[in-house]
Structure formats: C-alpha cells, structure tokens
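Have a look at the structure below, then the notes.
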Amino acid sequence: MSSEAPEFKGWLTSPPEPEAFGDAPVFAEDPVFTARATAEPRRPQLLESLPELEPVPGPAPAQPALPDWARRPEPPLVDRRVEGAPVTCRGLVYIYRLEGYDVVALSGVDLDIAAGESVALVGPSGSGKSTLLSLLAGLISPSAGRLEVGGCDLAKAGEAELQRLRSRDVGVILQGAARNLLPYLSAEQNVHFAQGGVPRGERSRLPQARELLSLVGLSGRKARLRPTELTPGERQRLALAVGVANGAGLLLADEPTSQLDARSRDEMLRALDAVNRAGTTVVVVTHDAEVGARMGRTVTIRDGRVGAEGLRGEDFAVIGRDGSLHLPPEVLDVYAPGTLVRVELQPDGTVRLSPSGTTESAGAAKQGGRFGSVGTDS
Amino acid sequence: MTAWTVTLRGIRYRWGRSLAVLLLATIAVTAAVLAPAYSRAASESILLDGLRTAPAASTGLSIAAASPASAASAPTANTKLEISNALMKHPVLRDAFGAAVSSVETEVLTGEGADALSARLAYRDSACEHLAVTGTCPKAESQVLVSDRTAKEHNLAAGQQIVVRPGGSARTAKTRTLTITGTYTAKDPAESYWGRTAYFSAGYAGPDGASTRIDAVFAGVEEDVRAAGGDLRLRVEQPLDPAKLTLANVGQARASLKQLAKDLPPGGLQVSSALTGVLDDIVVEQDAIGRSVPVIAIPLVLLSLFVLFLLVASVSEERSPELALAKLRGYPLASAGRFGLAETMLLIVLAAPLGLLTGVTGVRVAAGALLADGTQVELTGAVLLTAGAAVLGALLAAAGAGWRSLGRPVLALLRRVPDRAQWRATALEVAAAVLAAAALFQAFGDRSSPLALLAAPLLALVAGMLAARALAGYARGSLRRAARKGRLAGLLSAAQLARRPAGHRIAIVLTVAVALLTFAASAWDIAAVAREDRARGTMGANRVYTVDAAHPDALAAIVAQADPQHSMAVVRGRTHYAGGFVELLGVDSGKLAAVADWEGQDKAALAAKLHPEKIPQLLLTERVDVDVTAAGIREKDPKDKDRNAPVISPIRLVALVSSPGEPPRTITLGQLANGTKTYGAAVPGCASGCRLLALGVSRTPGTTDQITADLTITAIKGIDNPGFATEGRWRKLTARAPQAEMTVRAGQALTLTIRSSDPGDVLAEYVPAPDALPVVVAGATPAADASAKAFSLPALTEQPQPFTIAGKADGLPRAGARGLLFDLEYAARSAERTGSLADADQLRYEVWASEKAPEDLDKRLTAAGARVLEAESFDTTMARLDRLAPALALRLYMLAGAAAVLLAAGAVLLSAYVGATARLNELAALRLAGVPGKVLRRGVVREYRSLLGVPLLIGVLAGLGGAAVMLPGLQLVSVKDPAGLGRFSDLAVTGWLPVSVAAIIIGLAAAVLLVLRMLGKATPERLREGVR
C-alpha cells in the first residue's frame, strides 16, 4: 500500500438505516468520492513522458433507463474510504505445466496499475487475461518475473501471506454470479460469509452488510433473499458486494457483465464505478468493448503480453521490457510472422520498418505511403 | 450470522445428502454397537439356555455327608447351619442357589422272603408340598407315606402299619413299626426340588437281590429315619435359580464353587455340583460367539465407514466450489476446514445417539425374538466405548474424505477436477490381496482363528477390487467398440464407466456387499441343513422320553400299554473299546422304520436284517408240564440186593425259567424214570409270564457218578410250537456242564441223549434269538480285525455277545458316529439267558415316538408305570441348536450381509444423486445437441447394467467361493460338536441363498429405476443459469 494514500476513514461512520437512504442519491459526488478524480493513475513509463491524450470519441452508448436505486443521489453520510491497492507487474511469466508439455500463458507482462485506478483487461480468448487475474488474486504464483499487489510481492509470498492477501487486500468476482455465492444463504448472509476470512480484530473496519447491499441496490427485502430468488443482474451485483465485502483495496472481476442484458450491465457498471470511486482499484476482465470503454483504462493482453493499451485498448502498442513490440493485426495481415524487417530510428523520432529485399528508398517510397513510419506520435 | 447458521443452512440445503450421511454414520455406529451388545446378549442367552436345559440335578448344589457315620452323628439342623455359614462367604452362590432342602434317608426292608420289599425311608423338608397326598401328611413320630403305586401293588393302605428293619449293608435285627397315614404321587418327579434323589423308582430287585424295590417311604420327622438304623445319608440340596447367574457374576460363581468345599467345616461334608462342568461347556460356546461377532461386525463397520468415506468424498467434491469460495475469501485453512467439514461432523455426532439407540433396540428385538427368554441387553461401558470408537472412526473417515478437497488449491477446487492418486489405490489393493492370502493360508490350518474368520470378507474385498478393474477394462473395450461402430448409447455408457472414479468405488462396495450376503446366506443354508441333521442325529425320533424302567421287558410292556403303534422302546448302553466308547442301541426293529428318524437309510430293510425271523418265546404261566419218554436211565433194580453194586443216584428233569428282569432259576419237574410220563411243577412268581429257557437233567447234589439218559420230549403243555422240529433251535447249554456229552436232535419230538459225569446240570437250551445278533455298525468295527464280519462285545450285560454285521452306517440315530444298533428283543433274550437285566444299571431306557404318537404320551407313560425323567423333542432340540454360538453368529452374519447390500444399494443411489446436477447438465447438453432422449436413456441403462451386473456376478461367485473354501471346515452347529461341520454339497436351490440373490437383483433394479427417473429431468431448460 502506498504511504501517500489518503488516510483510511472506514466505509461508514454511522451506518444508515435502509429507510435513511430514502430518495437520497447513492452515487452522489461527495468530497470523498470526487477526491479520487484528482488522483492520477500510474501510467507506463513511456506514456508518462507523453502528453495526455484526448479520449477517442466513439459512438455514445445507449443509456437505458436506470432503476430508482441507480438514479438516487449517493447518501450524504457516506464517508468511508478505501485505500486502493496498486499493482506492478514486471516481466511476469506464467507457465502451465501439463502432462508432457508446458504452455506459456503469460510471457513477460509489464503492467502498472495505480491505486484507485479502474482498468479493463481485454483480449482474445486464451490470451492470458484470466491467468493474469488469477496471479493478481494470489491464486497461482508466477513462474518468473515480479508481481506486487499493494506492496506485497506475490512471487515470494508464502501460502499464509497469500491467504492474508485474499482475506483483506484483494476481492475477487468469479465469472458467473452464482459461483461467487452460497446458494443457501441470504444476500446479507453471503456478505457476512465473505467477511469471514478477515481476522476478527479487523472486522470492525468492514462495511456493514446492509450498507454494501444498499450500495449495489439490494437493500430492504432483497437482502433477505437467497441468490436463486434474485434476478441475474441482482445476483451479479450481489457478487460485487460480496467481492468487496472484505474492504479490499483491489477488486478483480472476471467477466462481470458477460451474462447480463444491457440494462443489468449498466447497473453493474455503475456499481463498479461506485466501488472504484470509493478508492478501490478495479481490474475487470472483459470481452465487451463497451465495458472496456467505460473503465478508466483498457489494456489488451495478446499472446501472453500486454499488446496494446489506451482508452479503447488498441490505441497504443506497448514496447516490452525486452524491446519486443506487438504489431496490430492489420500490419500482420501484410507482414506475416517470420518476415524479416529492418527497424530504423528516424531523425524525427519515428521508427521505420523496412522488409528485407527492398532498397531503402524504394522500400520507403513503396511502403511508406502505405504504412508510413512506425513511431511514437508526436 | 454464526458458523452454526451456515452449517445448519447447508445441512438443510443438502437435506438428501445430509440425511444420507446421517444414515450411514448411524449404520456405522449401529454396526459397531452390535458387536459388544449382541455378543453380550448372545453370551447371556447361551448361559441361560445352558443352565435351563441342564438337568436341575446337575446345576444344583448338593452337600452330602461323605461318610454315613458323620451324617448320623450330626443333626440336620446343625449341618444346615454350617453349610449356611459357609455360603455366607460366597454371596454369589448364596443368591444363585435357592432355599436349602435337606434330606435324611436310609435303606430299609419290610416283609419277609419272597414278599420282602426294599425302600428308602426318607425325611425331606416340606415333602408334602410337592406330593399329591391321599390321606394325611405325616407329622408325628412313626408316621409315614407310601406311594400310590406301592400301596396298590402291595395292598397297603392308610392306617396300616409296616415293620421296617435296616437294609443295605447294615443288617441288624432292630425293627421299627411305622403307621401309614396316607399315600402319595409326586406332583412333578422331575422338579428341581427332588434334586439328585432316586425316590421314585420301583419294581426291580432291591440292593439285597432278593427283595423288590418300592418307591420311597416318607417319614414325617427326621428322627424316624435316624431311629431306623442302617446307613444314613444326609444331603442338603439347593436348586439353582438360572436367572440369578449372569455374565457379571458367573465367573465369581465358578471360583466360589471351587472354594466352597474348603470353607465347609471338617467332618466329611462333601460338595458336589455339576454346575462347573455345565458352565465350562457354556464358556466354550460363549468364547466362540465372542470370537465370531466382532469378525462379522467389523467388516460391516468398515464397509459402512468406506461408504461414508465415499459419500463424504462425493459431497466434498460437490462442495468444492463452496470450499473454493471460503479459500478465495481468505479463510485460514482451519476455518476453511471447519466450514467444509462442519456439516458432516455435526451429522456424525448426531448419529452417535441414533446409532446407539438403533443398535441396542435392534439387539433387544433380536433378543426377544431369537434369544433365550430373559436375556438382558444392557448399555454397558463396552457398548458406549464402541459407539464412541465408531463415531471417531466415522469422523476420521469424513475428515479423510474431506481433506482431499481441503488440501487442493482454489483454482483446482473451482475446476472440480479430482486428483488422481492411482499409486495409493494400487498400494491398498496389494495390501488387501496379501492380507486375504494370509487369511486363506491361516484358514487351511485353523479355521477358528480370527484372521481365518476374516478370510471371507477379505476375499470379498479382493473380488471387489477385481470387479472394479474388470469393469474398467470392460468399459474401455466397450468404448472402443462403440466408437468404431458408431453406437451412441454404447459410447455414452462406456464413456461414463471409463471416466467416473465413483464407478470404481461402487463396484468394490457392491461386490463386497453381494459377496458377504452370498457367503452369509450360503453359510446359513448349509448350517440349517447341518443343524437339522444334527437335531435328527441327536434325537433319533421326533420325540424321545427318557424313562425309569426296571428292565427292557418292563419298558416294552410300558410302551405297549402307552402307545403300541407310534412309539418304540429303546435301551441304550455304552461299552468301552480300544480307548473309546461304543454306543449301544437296542431298538424295537418292528417299529424302527415308522418311528426312527434316520436319514439316508432304508430302515425297513435294515429292520428286516436286524430281526430276520420271528422266533417265538416259550412263555409259561404258573406251571411247567413236559411230556417225556425216558430211556437209558440207570435205575437201581429193586430186586438187586447186592450191597457192593455201584450207587445209582436218581436224576431229575429240570427246567430253567426266568421272570422278566430276573436271573434264570431252575425248577425241578420230577425224578426221571424210564418210560413215558408227564413231568411238571408250579413256577412261583410267574403269574404275568415267565420264559422257559432250557430243559435237562440235574443230578442229585453231591453225587459224581455218570448219568445217562435218552429223553424224548414230545410236548410242553401250553406251548403250541416249542420249536422241536427246527434244527438248532434247541442246543446244549455248554456253560452249565462243559464236561457233559449231550446230543440234541430235532424232529417231531426233541431227543436228548445225555452222558455226563459233570457236576452241573445238563441242559438243552431253547435258542430264542439268532446265535449272533445282527447289528448295524457305525464307525470302526469294535474288533481286532476291522474288516471282520462278526465280533463279540459286551452289550446289555457284561458277558460278550456275538454279533454279525448286517450293515454299516456313518452314524446311528441318537448314538453318534460310533455305535452298534441291534434288535432289542433278541438282545434282551440273549442277555437274559445268562443273567438279569434288572441289575444292569448301565442301561438307559428311552421311548422314541414318531410325529403321530399321542401328544400326551408322557402322561400315558407315567400312567403305565414309568417315571419320565426327561422329555426331548426335535423342535426343542432345533430351538436349542438355533441358540448355540454358530447359529447366533450366522444370524448376525445374515443381518450384516443384508445391511451391506442395503448400504451398497444406497451407495449406488447416492453416487447418482450426489453427481446428479452435473450429470443432468451433461444429459441436458446432449439433448440440446440433438441426441434423442431414448438414446440417452438406453445409454444410462447400459451403464448401470454394467456397473451393477459385473459386481453382482463377481460378488455372487466370490461369496460362493468363500463358502466352498471356508464352510466345510467350520463347526456350524456347535463349537463342541466335531460332527457339526458344514458340507458345501448341502447348499440347495431352495433356502436363503436364492432368496438373497433375487432380493439383491430386485433391489438393484429398483435403484436403477430411481436413477432413470431422476435423470429423466435432464431437459435443455435446466441449462439456464439459476435453474436447479
């Protein structure tokens, strides 16, 4: 955990009765929540040296009508603040060792996520997103590289440290809401159960179950319902409440919106946003570009590495620590893997890629118009 | 929310599985509790049965004066006090034995000469309470009771006086006059009150050989007996109350009995009780049940725990995602373990009292239905301890099953891919196979050792493992074939069998259970045949009454009077030969086929061999008159006055006759003279018939001159067929005059040519029986040459009796594996030619009755003059054998086998039910993919047909194999009885074995139907998230 982080104040100084929410907005821009907006996420070193980019305007997502709980302003009394946990990956490698052969799932991931940042991990199936999420949750240990979550070096952590990490610092939402819940407990009891891993002496800092449920719109009677009695959207939000029940600084969510309709998805995203605004670092694995767009930052994992990054995930290719660079698919359509290219740094700071067998000038004349040069935007 | 809430809600959510865990744990505890509870109850039942079936005279305590003098010197009251003081030191004996009954008795004679009667003059405490008295009970000095029978036969009545003088060895002239105040009949001569006394026997010769024995004469006061003189016998008898001896104090009682003799004051008091021997026999049976029950219960307990292990493992596997959640939320290992195991542990703890209650109640029900009346089933420390051990075992099994899941990482739990621990399974299988081989090896040496007794369950386990492997191989083969031929149903079923580890376990459990039940049912069926054989062998007939008869003829007369059609007189004896005993069985051959229970023999043919021809007896009443033409008799010529002429002594015609039960006596018929004449004489004491044994001549006592006579006997008055014409019917009786010469010629008349200087009577005996008695021999022939066809052996008398072998048998009814069976009538006739059978105290008299004999035969026998000492029946014998250790153990084995099959069927259902969600989803997905429902159904049927069919077949074969190997050497009737070994060939197509196999098949078919019904819910709709 960063020592510069804002002082932990707890989630709620005086838990309101469910009725106390009344018509008050749930996600009001109170000083505590808005303070996060000023906190800059830690960007990759290369990006830090560049000017801030304007978001690429995309088609405005259709905004479905929000339910009452989502339209309500956040309760004015909420001043509980979570200390977000930063994440640092350096050359992170993970190899699945199967019978007779190994599969490299992650082959050198370099990624920094600042405390309180909201990040979407996108990428094709099998690219290593879920493996990265499992590593961040401490469910598996890296084969190589360095991985720190909230100051804890997971590569060196023992089982007890990992257990403590999961009990206090990391919250996980598994893909499929029902997998996060005990079907025979009510919503409120599920939250209590999720808090059971926190040492008894530290439980006083935890948010009340009803408070959490109100945060995700499951107050009142719904708190007493069992998961099977809730709608899929409600179940997913209950899974979110359960994920952050231990007051974790890092929330890891695997496909939290994959089985939801648009309305439920938006409710879920709002709830995630609320959690993030409370200070929690949120990392979401998703295939949904729109979800990625709604997160503060999108990282594309491709072939076990961070392939690209940006608000839309493909805005920038990322040069790896070993100098490797993932080319965009459209480039690969022309230059098949195995093509020999010459890489030249141009005086203006751009980088020129010339396939072998072409003269520098001819190649430049022929290809330049098509590809121009590869380099950093200026 | 507390952990209890989560646990209780989890139990409620998984109520089916929770109930199954509760049931299995309850069964495990019940099975464990059965061992000590049933073992103790069975031991107590054996104790009660043993004490109750033993004769009261055997189990009672008798303290008698060792020497008559000491008894005479001490008054009874003092002796009783001393005995009472000695018993005070042994509270167990004091409580177990009832009120002391003291008696004083002496032998007395009354009457003179041929009318002399011998009797026991006895005083016995409270005798009148146990006698039906006509008249008044004697209370004052010189007052006595005589039996109704004695009064009737000897014309005695109340008010008459009898003069008694000492009998036995004390012959004095002292007499005492006693007044008869009434007559009596014993209310129940066999009741324990009468102890070892022999008060009620009459009709045979008294101790002096001349008098006739009558029933005891009871005096009103002890002093009368003492004053009568003679040898006094003082006895204090205390009957045993079987209910007072329990397992808790029986050991102390045995020790106290040995110590009691030392605690009695010096003075010749002697303790005698056969209770120690009875208890020794009981202990042998108890030890057997003590060894057997745990051996039976332990496999059931282990099977229950194994099924519990499987269930908990399955439930834990199913709960893997929940456990993963706990670990994902950072629960420490201990907390995650509590969360994962709390439900199971709580249910197992709850099962403890349920199992205890079920076990004890079950044993109580069994005790009420199967064990001896009054058998107590107590909640002893051993029972509680065993229940605790079973609970601990169940907890460990559950923890072991759950630990595998608990130890797995979160992702593995979420993926629900079970760990493969092939090496562990292989190691366990090798260990089980080695243990089974060791048990089998031990079984061939000593089948009663605990390891040998475990051979059958261990073989079942090995068979189970083989079945599992066979099933896996079969599944892989089927999978390849189905894939090659494109049979979807076969492919699905084979794939399920090949990939499911649960199938492997189910195959083991089912095979073991089926093998156990098959073995138990086979053992029960074989044992039932062995018990029935044993009961038939022990009984010899449907009912057997041991009676008190004077001699074989008296017994025959009693039977003829009581039930001439369906009952048979049997005389039993025993003779010692070559270091062992040979049982002797004299039967009424004419009724053998109708009455005797003798399996595997042509009884009619045997009877014909035993009694090949009907040889009439020569019966006389009151007189014997013989028409004789005599010649060659040297007579002194009256005209011869020569003083020096040799002396010619007159000779007499004599007859040898015998009264029933008495020794032969010689009757002089008259002095012989040449010429034809009828000789005759009265025969005293033959009003009811005597037998003419021989005719001949007798010289004048003291003379030594040679006697000559040529006698032609033409007739014996009153006897139509004296057998003169039959060659060999009459022959020289060599024993009386071995030096004499006699020629016996058969014809219309019996011609005897006699030349003798022998001092003895020269007699021609009538041979009323075959020269050599035909006999059926069981066991080795009691002769130096075992292959001899004829031999001689002392039978009914001490004189060797010639026998000729008419047949051989493996065993004789009621006489066991070594004995001789012969015709009683012929044997008695032969024996009585030389002596009296009334003196043969080694003989035992029995009346065998068929099923058709009257129900009140015992009363009829009593009315006919016999005292019924013991009554036995086939049913009571079967009931007794049913409650001996082997039968009690086998009952438990049957119960355990049935429980094992129920467990296995439950395991089949549970395995289907626990994995139902995943399976339903698979099937639903297949439906969604277009696989028709009937194909899926066919696949499931094929899968379960193989899953259950292979173990069923191998289990039955393993059970039968175990039975074939183990049972022939096991004592299935009584541990003391070497003849009660099982024979595998006795396994019949009827009995419990086919019923058990049919029940297993029906039960498993029902289980498959339930599974099909459950899997019928596999519709595509259930794939929607949230649908359960």
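Letters A, B, ... mirror the listed sequences (proteins, then strands); counts begin at 1.
- Across A:G196, A:A209, A:A245, the residue that shares the most heavy-atom pairs under 4.5 angstrom with chain B is A:G196.
- Counting only N and O atoms by type, the side chains of A:Y94 and A:S107 include no donor and acceptor under 3.5 Å apart.
- Applying the ring-ring contact (aromatic ring centres under 6.0 Å, His included) rule to pairs touching residues 208-264 of chain A yields nothing, sequence neighbours excluded.
- Here A:S167 is the residue among A:P199, A:S167, A:G243, A:P227 with the most heavy-atom pairs under 4.5 Å with chain B.
- Salt bridge annotation for B:E322-B:R319: present, with a cationic side-chain nitrogen under 4.0 angstrom from a carboxylate oxygen.
- The ring-ring contact (aromatic ring centres under 6.0 Å, His included) check on B:Y474 picks up nothing, with sequence neighbours excluded.
- Not counting sequence neighbours, the partners of A:Y184 by the ring-ring contact (aromatic ring centres under 6.0 Å, His included) test are B:Y13.
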- Task: Check step by step if side-chain contact (heavy atoms from CB on, under 4.5 Å) holds for A:K129 and A:L133.
- Result: CA-CA 6 Å; A:K129 304 185 297 295; A:L133 208 66; over 6 Å; no

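- A donor atom on one side chain and an acceptor atom on the other are found under 3.5 Å apart for B:R481 and B:S478.
- With no hydrogens or angles considered, no side-chain donor-acceptor pair links A:E267 and A:Q236 at under 3.5 Å.
- The contact list for residues 324-342 of chain B toward chain A, using heavy atoms and a distance under 4.5 Å, reads B:L325, B:A326, B:K327, B:L328, B:R329, B:G330, B:Y331, B:P332, B:F339 by residue number.
- The most heavy-atom pairs under 4.5 Å with chain B, out of A:V242, A:N246, A:L139, A:L181, come from A:L139.
- Taking A:L165, A:L174, A:I140, A:V198 one by one and counting their heavy-atom pairs under 4.5 Å with chain B, the maximum is reached by A:L174.
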